[in-house]
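Have a look at the structure below before the remarks.
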Amino acid sequence: MYDIEMPLVLGLDCMERAGVLVDRMTLADIHISFEAELNRLSASIYEKVGMTFNILSPKQIGQVLFDKLQLPSGRKNSSGTYSTDSDELTRLIDEHPVVRDILNYRQISKLDSTFVLGLQKVIDPLDGRVHSSFSQVMTNTGRLSSAEPNLQNIPIRSDLGSQIRRAFIAPPGRVLLDADYSQIELRLLAHLSQDENMMNAFLHNEDIHTNTAANIFNVPKEMVQPSMRSAAKTVNFSIVYGISDFGLAQDLGVSFQEAHHYIEHYYAQYPKIRAYLDSLKKMGYDKGYVETMFGRRRVVKELTSPNRNIRNFGERAAMNTPVQGTAADIIKIAMNRVSAGLKKENLDAVLILQVHDELIVECREDQADAASVVLKHAMEGAALLRVPLIAEVSQGLSWYECKT
DNA sequence: TCGTTCACG
DNA sequence: ACGTACGTGAACGAT
């Protein structure tokens, strides 16, 4: 409370007032190309189906695909209507050519309405910048949340979506610095569990996902194929989320038994991780709460529910919160250290964004290298772990450039 | 206002 | 037998 959150109030205030400069022209150009593509896609969809309808209505999509076209229906959602989410539509992609068009339409429409048009609406006419609100009290784990606009979910995973980051820029004479913690949650899992095998992977600077792949597939590291590494990455995430073989099977697209097999192999190779996660569940049941390295507590009331699904949710939350929450504590400490460090060095540089494991600073071009050093050291020195804590810094004239 | 969908870490 | 990854916010349709 006193050491982390209260000092952070001042830093967040600076961050919100500073805002991020947004290039209206870039957004306008993207909007024009998205709109053209949406027009092509809707024409193609209506032609293939033989009628017009609202492509953004899940209800109407369901009627068109499952009643009119008689495609094999799958999951229903809680209101009893056909599910038409991305998983369901992907399943149907070879059944009818309209399905791919619908998926593309959905994606582009989302990007345009939420990010391109949504961002344009909140640009401050006085300074051409967007000023998000960061909340310290919204999340269950200690993370920040961002709203109006949410700058913590700007697209990056798809090529089309990541173009939107070209609109987040530095003003003339200034640059953006972007620093990411490398694998912070898995490093914390290694630290908190004290599992020798996982700690050694980080101490020797090995690729953790390749390492995990070699373990769960029982092959030498040199024999790990990209598909194996990708599956191992998913397994690593699933462990941090509070494992369930069902969830893992669904995400990997493998059988329940196969997913179960991976998890057993995982725990055989990293035995103290199982012990650590079990201890977190026990703490949740015994004390009613779990806590982060810095003493932030989450009461897990779901663990007292007679409903097993709710209780299972509580167990996963008990396993995930100390990891996700400690990462949140550490980046908050880092933000306080960055604010102090930039001020002490008299740099014309300000924090403008935090995205959970990433900090973005805007600074004068001629001070970029000096500010980068401050940023890197403030982040890496925010906590002392049993494994190295690494932050990678890049610079660019736009958020997109920082990521390429 | 609620449910669905989908963007991020 | 049952329903499941953890944490968020915004747009949209339906009511």
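Letters go in sequence order (proteins before strands), and every chain restarts at 1. Worth knowing before you read on, the calculation uses all heavy atoms, side chains too, and leaves out hydrogens, waters and symmetry mates.
- Using modelled atom types and a 3.5 Å distance limit, the side chains of A/Arg229 and A/Thr212 yield no donor-acceptor pair.
- To the nearest angstrom, C1' of C/dT8 lies 13 Å from CZ of A/Phe134.
- Contact of A/Gln324 with C/dC6 (side chain to base): a donor-acceptor pair of N or O atoms is detected under 3.5 Å.
- Heavy atoms of A/Phe237 sit nowhere under 4.0 angstrom from any nucleic acid atom.
- Applying the ring-ring contact (aromatic ring centres under 6.0 Å, His included) rule to A/His96 yields no partners; only residues at least two apart in sequence or on another chain are considered.
- One atom, CD1 of A/Ile30, and another, C1' of B/dA7, lie 15 Å apart when rounded to the nearest Å.
- The distance from atom CZ of A/Arg75 to atom C1' of C/dC2 is 16 Å, rounded to the nearest whole Å.
- Within residues 102-114 of chain A, the residues having any heavy atom under 4.0 Å from DNA chain C are, by residue number, A/Lys110, A/Ser113, A/Thr114.
- Between A/Tyr262 and A/Tyr266, a ring centre-to-centre spacing not shorter than 6.0 Å is recorded.
- There is a side-chain donor-acceptor pair under 3.5 Å between A/Ser132 and A/Ser146.
- Side-chain contact of A/Gln354 with A/Gln152: a donor-acceptor pair under 3.5 Å is present, judged by distance alone.
- Closest to the A/Tyr241 side chain, of the nucleotides B/dC8, B/dG9, C/dA10, is B/dG9.
- A/Val240 comes within contact range of no nucleotide atom at all, as no heavy-atom separation falls under 4.0 Å.
- A/Arg298 has a side-chain polar atom (N or O) that falls below the 4.0 Å cut-off from OP1 or OP2 of C/dG7.
- Nucleotide B/dG9 holds its P atom 17 Å from the CG atom of A/Asn236, rounded to whole Å.
- As rounded to whole Å, 14 Å separates atom P of C/dG3 from atom NZ of A/Lys76.
- Using cut-offs of 30° and 60° on the angle between ring planes, the pair A/Phe237 and A/His209 is tilted.
- The phosphate of C/dC12 has neither OP1 nor OP2 within less than 4.0 Å of any side-chain N or O from A/Lys59.
- Using a 4.0 Å heavy-atom criterion, one finds that A/Asn309 contacts the bases of the nucleic acid, with or without backbone contacts as well.
- Nucleic acid contact for A/Arg311: none, since no nucleic acid atom lies under 4.0 Å from a heavy atom of the residue.
- Using a 4.0 Å heavy-atom distance criterion, A/Asp85 is classed as a sugar-phosphate-only contact.
- The closest donor-acceptor contact from the side chain of A/His191 to the backbone of A/Arg386 lies under 3.5 Å.
- As rounded to whole Å, 16 Å separates atom C1' of B/dC6 from atom CD1 of A/Ile156.
- Side-chain N/O atoms of A/Tyr285 and A/Glu315 include a donor and acceptor closer than 3.5 Å.
- If you check every strand for non-hydrogen atoms under 4.0 Å, A/Thr81 touches nothing.
- Here the separation of B/dC6 from C/dG3, taken at their P atoms, is 22 Å to the nearest Å.
- Rounded to an integer number of Å, the gap from A/Asn320 CG to C/dT8 P is 10 Å.
- Within the 4.0 angstrom heavy-atom criterion, base atoms lie near A/Ser244.
- One donor-acceptor pair, N or O on each side, does fall under 3.5 Å between the base of C/dA5 and the side chain of A/Asp251.
- When each of C/dA5, C/dG7, C/dG13 is scored by its nearest atom to the side-chain atoms of A/Ser238, the top-ranked nucleotide is C/dA5.
- The side chain of A/Ser145 places no N or O atom within less than 4.0 Å of a non-bridging phosphate oxygen (OP1 or OP2) of C/dG7.
- Contact annotation: A/Asn140 side-chain N/O to C/dT8 OP1/OP2 distance is under 4.0 Å.
- The C1' atoms of B/dT5 and C/dC2 are separated by 25 Å, rounded to the nearest whole Å.
- A/Phe168 and A/Tyr400 have their aromatic ring centers separated by at least 6.0 angstrom.
- Residue A/Thr84 is classed as a sugar-phosphate contact, given heavy-atom separations below 4.0 Å to backbone atoms only.
- Between A/Arg308 and A/Phe313, the one whose closest nucleotide on DNA chain C sits nearer the 5' end is A/Arg308.
- Residue-level contact check: A/Leu248 touches the bases, meaning some heavy atom is under 4.0 Å from a base atom.
- When the side-chain nitrogen and oxygen atoms of A/Arg157 are compared with OP1 and OP2 of B/dC8, one or more of them lie within a distance under 4.0 Å.
- Nucleotide C/dA14 forms a Watson-Crick or G-U wobble pair with B/dT1, both donor-acceptor distances falling under 3.5 Å.
- Here the P atom of nucleotide B/dT5 and the CD1 atom of A/Ile55 are 16 Å apart, to the nearest Å.
- When heavy atoms are screened at a 4.0 angstrom cut-off, A/Gln250 is found touching no nucleic acid atom at all.
- A/Gln60 comes within 4.0 angstrom of sugar-phosphate atoms only, judged by non-hydrogen atoms across all strands, and of no base.
- Side-chain atoms of A/Arg316 and base atoms of C/dG7 include no donor and acceptor less than 3.5 Å apart.
- In this pair, A/Phe66 and A/Tyr82 present their aromatic rings tilted. The plane angle is within the 30 to 60° band.
- Using a 4.0 Å heavy-atom criterion, one finds that A/Met138 contacts the sugar-phosphate atoms exclusively.
- No contact: A/Ser132 has no heavy atom under 4.0 Å from any strand.
- Residue contacts shown for A/Asn150 are limited to sugar-phosphate atoms, with no base heavy atom under 4.0 Å away.
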